[in-house]
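Below: one structure, written as structure tokens.
Reminder, nothing fancy here: chain letters follow the sequence lines and each chain counts from 1. Everything numeric here is computed off the predicted structure, so don't read it as measured data.
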Amino acid sequence: MGKDVLPKIYDPGEIEEKWYSFWQDKKLFRAGEEKTSKEYSIVIPPPNVTGSLHMGHALNNTLQDILIRYHRMNGYNTLWMPGMDHAGIATQNVVERQLAQEGLKREDLGREKFIERVWTWKEHSGGVIINQLKRLGCSCDWDRERFTMDEGLSRAVREVFVRLYEDGLVYKGDYIVNWCPRCHTALSDLEVEHEDASGSLWHIRYPIEGSDEKVVVATTRPETMLGDTAVAVNPNDPRYSHLIGKHAILPLVGRRLRVIGDPIVAMDFGTGALKVTPSHDLTDFELSVRHNLDRVTVMDFHGRINERGIHFKGMDRYECRKAIVKELEEKGFLLKIEPYTVGLGRCYRCKDVVEPLISKQWFVKTGPLAAEALKAVETGATRIVPEHWTKTYYDWMNNIRDWCISRQIWWGHRVPAWTCEDCGTIVVSRQDPVECTSCKGSRLVQETDVLDTWFSSALWPFSTMGWPDRSELLKTFYPTSCLVTGFDILFFWVARMMMMGIKFMDDVPFKDVYIHALVRDESGKKMSKSLGNVIDPLEVMDRLGTDAFRFTLAALAAQGRDIRLSESRIEGYRNFMNKIWNAARFALPYLDSGEGLPAIDELESPSLSEQWILSRLNATIREVREGIETFRFNDAAQALYQFTWHEFCDWYIEQTKIPLSGEDSVAATRSAAVLRHVLDSLMRLLHPFIPFITEEVASKIPSNGSTVINGPFPTVDAALDNPEAERKMGTLMGLISAVRNIRAEMNLSPAKQLPVIVLPSSTEEQSVVEEDRRMVVALGRISDLTLSNPGEAVEVPRMSATAVTGEMRIFVPLEGIVDPDAEIARLEKELAKIEKELAGVQKKLSNESFLAKANPDAVQKQKDRQAELSAKAAGLGEGLAKMRTLKGL
RNA sequence: GGGCGGGUAGCUCAGCGGGAGAGCACCGGCCUUACAAGCCGGGGGUCACAGGUUCAAAUCCUGUUCCGCCUACCA
């Protein structure tokens, strides 16, 4: 037919490559800078420059690409802003590990050389993930790709820091922070992962000064006692209240410890007495503020005991614990050890146990920023989907603590603050200052700390668009339409973008936040390299194809539940891709006469199946649009799967073989026109989910104007809704299925053509069957179809199988072909099912309360069901009775 | 401790006030000229448990229980 013969099996490899380059070469992902009538924008959650594509990225970016492609096809000026995050600690660790292999430490290079080295690494090996995103089919505007450390974004970081400082929202101070002794830096509260570990509760006797009394404290960290400066009890505790104001003597050390009363102490925990170590415990630090206690720091930044630790000096924290416990025991201070589960905080990067330590750090005062961010969601300026996450968001915003933003590493944005060595003034400045603002001295020393990686990510929605300049891009695309992200970074990132966006842009950074699930393995475990349960997206894409993979993710992306991904699921959708491919293989040759086909709204007297498929297509368009627009990707994917496979392929295509190969050229042309329309529409509907195969198939449709990526996306045409055609087609499908069922249940070969007698209950049923007689005969494999008039007495061979569909009776004469026992068994089974259902319906209809109170539509529905079920039961009952008579039962 | 999500077919999960569904797996039959990665047919579930609301509950409410996650200054 002059067409390339398509292979039987869809082979994604070359096709994916071909189309991605095509789209890129033609600049089809490019957003227009100027405002048009409608804009749609998303900023990508910037992957770490160290990262490689994992399942979380794959899901996240597939969903974004679906939204982006959908809106682009719908004519929006669409921007998907891509880029990467410098990932301070993570990246520094990568390069430090490389250095270690050469036997070097970063200190050996010095700060400048080390940073140079990181940049070199970034240029050569960083950012492989970008190519992996392209492999996934992401239609980002790559010409605008940004990096959190590039010049523009660094300028934005400085501007924000300085303005926050000027507004009193950034401050520096000595506070207790989470310290990672391995990474050697402070961490924010969020960067600490909590876990339970088995530990002990040591009960230690502290003598009371000048008396025989003692107080017993319980602790999980005996080594910190070296830094104790008080003992706290609850003022309402009768056991201890009389001790408040007295002093205890710290064992081993001999320091006098004031006994203080504070309601924070839980009377029912441990011994009810708490040793207070302000320098090494957050609660104790706060007690020290309230009670004006001394702070004795006994541990250094490596987690070793310092010179304040008497003879334990130089020991590692855990070594010291053993030594202390041993000595306490020897000297009789240790009264009891009980097993206890302790909460451990670990560094989210290196997993080392975090140590609370006091140090000088920079903080963002979050209170005022959080208040605005909270309000933005309450007023609906930003909507969080699924909605239940808003509560989590509120809780966090309401309990927010100041954000420690300084990190003692080298890779990142250096804090733009300088200290004057002459007068001690701190200068915070947009440009590197040359002289002290106070004494005009020139001996200025810049802070060595860098900013938390999340500080720059917090600015992402506007820093990527050129801020602090009032760029065209910002005017056109800010606020962004939607943010798509996992809940694991709701606080890290989303909350902070909200705060910064509102503060610096006077508007929320995004209108919708769609929070998707986590991808887990088959057994529900989080995928991780250490568990060895990761499915590598790239390997999957290589083997099963990108489209199959993307469709799987979309189909599983139900709101509010994690995704358990399994290979077999992806294989299932790989088969779906093949199904699409083969449907196209079938259809394409008939579409050869492209321009000769009538438009869909000019069809002359379309057949029932044509009206039906157009009505179903219309319903599918509605479901897909609705699904994407409400972030119910799984619903949209299911609707597409169902329609494509079980309506278009199973019924429409099967049926269309008759007119397409028939001698009626008008019917053949019309049929081809509908086939073409549905195939083309389907490719468009599917395109956001599976961009490659759809583009390939659509390109094979003769004289198809442009590529699918440009749209348009199919629109609902209410004129095509046709409930009547759907009902009639249902009748025919029921008839065909009934015949097939009899054949199969009677163990007859599928090739066996059977004679069928149909007794319609109405003239409508009669004419429906009559008009599509050829379809019924072909799909039901019927040798001879006898169609009676309604109510007419037709002679049915005594030895026939019986079925009922709608209210139409179907007989298949089986004289001499089959054992009547089999038919009796089949009918009994079927009848039992119907009668059970009927009983349920009748019970409802005989319930007066139901008739009186239920919605009239609901009542009518039950009545209709009753009629249908009764007819069916009657028909099957008669068939059964006849069969039994035959058998002489 | 507080909060959130979940317990529906063998497995993975939709459905969330009126006929228990899908995919995979399973059973039976088919190389029917787009597709065996396919076609046709079929079996399979007191929707965790207990109460309640309602004419009607897998679906709403309360409690119980089990699982998962987030969060937290009981050392």
Side-chain angles (χ1 to χ4, degrees), chain A residues 6 8-10 189 194 201 217-221 224 232 264-277 281-287 340 342-343 356 386 388-389 391-392 395-396 399 487-488 490-491 517-518 520 522-526 544 548 552 555-556 558 560-566 568-569 571-589 634-635 638 641-642 649-650 653-654 657 661 737 740-745 747-751 778-779 781 829 837 840-841 844 847-855 857-859 861-862 865 869:
Chain A
L6 300 179
K8 276 172 97 159
I9 304 279
Y10 172 61
D189 294 337
H194 298 271
L201 201 52
V217 300
T219 180
T220 58
R221 299 204 59 194
T224 64
I264 197 176
V265 181
M267 291 188 270
D268 57 354
F269 182 82
T271 60
L274 168 68
K275 69 188 229 12
V276 182
T277 320
D281 184 276
L282 185 58
T283 311
D284 296 1
F285 180 85
E286 285 171 4
L287 277 171
Y340 184 69
V342 293
H388 73 257
W389 286 107
K391 187 170 162 44
T392 310
D395 285 350
W396 193 72
N399 297 308
F487 59 78
D488 48 331
L490 181 60
F491 306 139
L518 244 45
R520 300 174 177 280
E522 284 176 88
S523 56
K525 291 197 203 64
K526 204 166 169 172
L544 300 171
T552 308
L556 296 183
R561 197 189 261 215
D562 285 347
I563 293 175
R564 294 197 190 189
L565 191 68
S566 70
S568 69
R569 199 75 188 235
E571 271 169 33
Y573 288 113
R574 183 270 317 261
N575 297 350
F576 180 50
M577 297 309 120
N578 204 230
K579 189 73 180 176
I580 292 169
W581 185 249
N582 278 292
R585 278 183 69 222
F586 168 82
L588 289 172
N634 58 323
D635 286 352
Q638 283 314 316
Y641 185 93
Q642 182 64 29
C649 291
D650 286 354
I653 286 188
E654 284 310 316
K657 289 172 181 173
S661 59
S737 294
R740 287 170 173 173
N741 173 264
I742 288 170
R743 180 185 288 108
E745 293 278 312
N747 263 323
L748 301 174
S749 155
L779 299 191
R781 298 198 151 255
K829 187 177 73 179
E837 245 183 278
V841 175
K844 268 190 182 174
N847 179 342
E848 281 176 31
S849 302
F850 173 70
L851 297 174
K853 297 186 181 174
N855 180 325
D857 288 350
V859 176
K861 205 172 165 190
Q862 295 304 320
R865 273 187 76 205
L869 289 168

>> Of the options A34(B), G19(B), G41(B), whose atoms approach the side-chain atoms of R740(A) most closely?
In response: G41(B)
>> Closest approach to the side chain of A858(A), judged atom by atom: which nucleotide of U71(B), U32(B), G18(B) is it?
In response: G18(B)
>> Of the options G41(B), A75(B), G29(B), whose atoms approach the side-chain atoms of T220(A) most closely?
In response: A75(B)
>> Checking contacts here: which listed nucleotide (A75(B), G19(B), G28(B)) is nearest the side-chain heavy atoms of Y340(A)?
In response: A75(B)
>> By nearest atom, which of the nucleotides G19(B), U71(B), C35(B) is closest to the R865(A) side chain?
In response: G19(B)
> Which of these nucleotides, C35(B), C40(B), G18(B), is closest to any side-chain atom of E654(A)?
Replying inline: C35(B)
>> Using modelled atom types and a 3.5 Å cut-off, is there a donor and acceptor pairing between side-chain atoms of R585(A) and backbone atoms of L6(A)?
In response: yes
> When the ring planes of F487(A) and W389(A) are compared, do they come out parallel, tilted or perpendicular, using 30° and 60° as the limits?
Replying inline: parallel
> Which nucleotide, A34(B), G23(B), G19(B), lies nearest any side-chain atom of Q862(A)?
Replying inline: G19(B)
All N/O pairs under 3.5 Å across the protein-nucleotides 52-59 of chain B interface:
from	atom 1	to	atom 2	distance (Å)
C55(B)	OP1	K853(A)	NZ	2.5
C55(B)	O2'	N847(A)	ND2	2.9

> Which heavy atom of V217(A) sits nearest a heavy atom of T271(A), and at what distance?
Replying inline: CA-OG1, 3.6 Å
> Do other residues, nucleotides or ligands put more than 12 heavy atoms under 6.0 Å from the NZ atom of K861(A)?
Replying inline: no
>> Using the side-chain heavy atoms of R569(A), tell me which of these nucleotides is nearest: G3(B), C40(B), G23(B).
In response: G23(B)
